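Report on the following structure.
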Amino acid sequence: MLKHTPLVALALLGACTVGPNYAGPPKAASDAVARGGFVRAKDAAFVPAPGLARWWEALGDTTLDRLVDDALAHSPNIDLAQARIREAQAQLSSRRANELPNISANATYLHAGLPGTNLVGSSDSGNGGSSGGGDVSSLNFYNLGGQASWELDLFGGGRRGIEQARAGVAQRFADLADAQVSLSAQVAQAYVNLRDVQERQRLNAESSRLQRQALDLTRQRLRAGTASQLDVVRLQTQVQNTDAQNVPLAAQIDQYKDQLAVLTGRTPGALDAQLDAGAPVPLPPAQVPIGDPATLIAHRPDIRSAERALAAGNANIGVQTAKLYPKINFMGILGLGGTNPGDVFDPGKLTSLVAPMLSWSFLDFGRTRAAIHTAEAQRDQAEAQYRETVLEALQDAERNLSLFGNVRQQLGQLRGAEATAERSAQLNAQRYRAGTSTLIDQLDIERQRLSAAIAVAQAKAQLTNAYIGVQKSLGLGWSDPAGAPPAGSAPVSSGG
């Protein structure tokens, strides 16, 4: 029994893993989770149901759906995030491979000439005489075989390294999801802005047309002596100002079309033909599912990435701590060989060697301790970063929820003003047909109606952009690709 004691001791040591075990992220925003809802979600459109992953489809615009799908499939940012996943996976594979034996094959030929030594009972006196005296012996050695080396992971440094690399892979998958969230929101915002500017350009052209009609009528009245030159100049100024507004609008349209082209992985101008024709600004659905703070913390990708960075930092402490303790390496050699070439084929010439080696850097003047303290500080930084990420995410969500509710209220008020302007134009049209109002008055009222319509169009775009901001702040718009770590593989605190 005693002769097996060293093996039992090694097995027990092999089960030891130094460093702190990861217990999940710290509790963050406990009050928000306990409350069960968002503070600023006061608008009647919000419902506590979980949000939609492909939230943009709720806007009901097939062109937008195609653009988002194209961007997710062809954007360089997505390709970059996927390449980083492959890099992390390769690093994990390397860590795992390091825990296995390293086996190599080799063929060796050795020739040695040693003066003054007769290794094989023969000598070359001629060479010896020419060298000033003494025998010179020669030795030929042939060997064909293999060798293996393996470092026993006594204190779990290798296992902690695998744990760290596995967390790194999950972090990169979370980064990919975060890139998908940002990209889908960018595409939707650029598309909404494009449709908004196109609509304002159309309404601005209609306003310019009405102003030109008023200017022509005023010139006629000037010739008839019923209007002044000042009236003409005033209307000319209005026309020029309205026409000048078309210039920046046209530039913005080009800007948004180029932005959409680049976001979908194309060159500027590639989508002009597809986007030149105007379309209404897509509006949010009547009900907007938003979930709750606990759901946001558990699923928002940047929070998941920060949590995995914390897990990796915690594992790194174990990696560094294992360097305090001894290492045992095993080296083995197995081969066939001898002094003749034919010996490499003779089973009777089998050579074997097993050599365990113990190494221990017990006196490194504090280098390893310093590395451990560095890893601990980095872990603490990752923990603080996680808490900050959670708080910023909640702030982002509350801000966008408040904005959506206020813009929705503003849109209702502007629609009331637009309805009033529309009614005013209808009533004055009746007076004009009855001869109690002039065409100039009617055109002026029509311009006011168009101004109200422009304000409503801008508010619609602001509302949809606020809806997009809500979806982005909730961390929606991503899906797990093939090979992603299964849900629940990374412990994530909900703050409760």
Side-chain angles (χ1 to χ4, degrees), residues 22-41 46-58 68 72 77-78 81-82 84-85 166-186 188 285 287-312 382-383 385-401 404 467-496:
Y22 184 60
K27 294 181 179 180
S30 300
D31 54 340
V33 174
R35 189 169 52 245
F38 295 100
V39 176
R40 310 300 177 194
F46 295 134
V47 293
L52 302 173
R54 294 176 61 85
W55 53 264
W56 54 87
E57 294 180 347
V68 174
L72 293 175
N77 284 338
I78 300 300
Q82 291 172 337
R84 287 173 174 165
I85 288 175
R166 187 181 294 114
V169 171
Q171 181 183 1
R172 290 308 184 189
F173 272 104
D175 290 341
L176 171 61
D178 195 39
Q180 292 173 333
V181 170
S182 296
L183 181 62
S184 59
Q186 283 181 304
Q287 290 188 326
V288 180
I290 58 173
D292 54 41
T295 303
L296 180 149
I297 294 173
H299 296 287
R300 185 163 148 150
D302 58 339
I303 296 178
R304 294 165 57 220
S305 176
E307 186 275 333
R308 289 289 82 196
L310 173 58
E383 181 176 317
Q385 182 63 51
Y386 171 81
R387 295 199 307 269
E388 182 180 11
T389 302
V390 170
L391 293 176
E392 289 181 347
L394 289 170
Q395 179 189 19
D396 188 27
E398 297 286 7
R399 179 179 61 83
N400 282 282
L401 291 169
F404 180 88
Y467 168 79
I468 295 169
V470 168
Q471 305 308 311
K472 182 181 178 183
S473 67
L474 296 177
L476 301 175
W478 60 273
S479 59
D480 279 328
S489 61
V492 179
S493 169
S494 63

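A quick note: this is a predicted structure, and the numbers were derived from the prediction, not measured.
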side-chain hydrogen bond (donor to acceptor under 3.5 Å, both in side chains) filter on Arg387, not counting sequence neighbours, yields Glu383
Sub-4.5 Å side-chain heavy-atom contact between [X] and [Y]:
{"X": "Leu296", "Y": "Ile290", "answer": "no"}
{"X": "Leu52", "Y": "Glu57", "answer": "no"}
{"X": "Leu394", "Y": "Pro293", "answer": "yes"}
{"X": "Trp478", "Y": "Asp178", "answer": "no"}

Where is the tightest heavy-atom contact between [X] and [Y], given as atom of each residue plus distance?
{"X": "Gly36", "Y": "Asp292", "answer": "O-CB, 3.5 Å"}
{"X": "Ser184", "Y": "Val68", "answer": "CB-CG1, 4.0 Å"}
{"X": "Ser473", "Y": "Asn400", "answer": "CB-ND2, 3.8 Å"}
{"X": "Ile303", "Y": "Ile297", "answer": "CG2-O, 3.4 Å"}
{"X": "Pro301", "Y": "Ala174", "answer": "CB-O, 3.5 Å"}

List in chain and number order the residues that pass ring pair (Phe, Tyr, Trp, His ring centres under 6.0 Å) with Phe38, two or more places apart in sequence or in another chain; answer none if no residue qualifies.
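None.
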Report the distance from atom [atom1] of [X] to atom [atom2] of [Y], rounding to the nearest 0.5 Å.
{"X": "Arg308", "Y": "Phe173", "atom1": "CZ", "atom2": "CZ", "answer": "13.0 Å"}
{"X": "Gln171", "Y": "Arg84", "atom1": "CD", "atom2": "CZ", "answer": "11.0 Å"}
{"X": "Gln180", "Y": "Leu72", "atom1": "CD", "atom2": "CG", "answer": "6.0 Å"}

Using side-chain contact (heavy atoms from CB on, under 4.5 Å) as the criterion, list what pairs up with Gln395, not counting sequence neighbours.
none
Set of residues satisfying side-chain contact (heavy atoms from CB on, under 4.5 Å) with respect to Arg35, sequence neighbours excluded:
Ala32, Val39, Glu398
Side-chain ion pair, Arg304 and Glu307, N-O less than 4.0 Å:
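Glu307 and Arg304: not salt-bridged.
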Run the side-chain contact (heavy atoms from CB on, under 4.5 Å) test on Ile78 and Leu176 for me, step by step, so that the C-alpha distance in whole Å, both residues' side-chain angles and the decisive distance to 0.1 Å come before the verdict.
CA-CA 7 Å; Ile78 300 300; Leu176 171 61; 4.0 Å; yes
Expected output: side-chain [X] to main-chain [Y] donor-acceptor under 3.5 Å:
{"X": "Ser182", "Y": "Ala179", "answer": "no"}
{"X": "Asp396", "Y": "Glu392", "answer": "no"}
{"X": "Thr389", "Y": "Gln385", "answer": "yes"}

Among residues at least two apart in sequence or on other chains, which ones pass salt bridge (charged side-chain N to carboxylate O under 4.0 Å, His left out) with Asp175?
Arg172
Set of residues satisfying salt bridge (charged side-chain N to carboxylate O under 4.0 Å, His left out) with respect to Asp302, sequence neighbours excluded:
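For Asp302, the residues satisfying salt bridge (charged side-chain N to carboxylate O under 4.0 Å, His left out) (neighbours in sequence not counted) are Arg300.
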Walk me through it: do Leu310 and Tyr22 pass the test side-chain contact (heavy atoms from CB on, under 4.5 Å)?
CA-CA 9 Å; Leu310 173 58; Tyr22 184 60; 3.9 Å; yes
Checking Leu476 against Val181 for the side-chain contact (heavy atoms from CB on, under 4.5 Å) test, could you report, in this order, the C-alpha distance in whole Å, the side-chain angles of both residues, the deciding distance, and whether it holds?
CA-CA 6 Å; Leu476 301 175; Val181 170; 6.0 Å; no
Parallel, tilted or perpendicular: which describes the rings of Tyr467 and Trp55, with under 30° parallel and over 60° perpendicular?
perpendicular
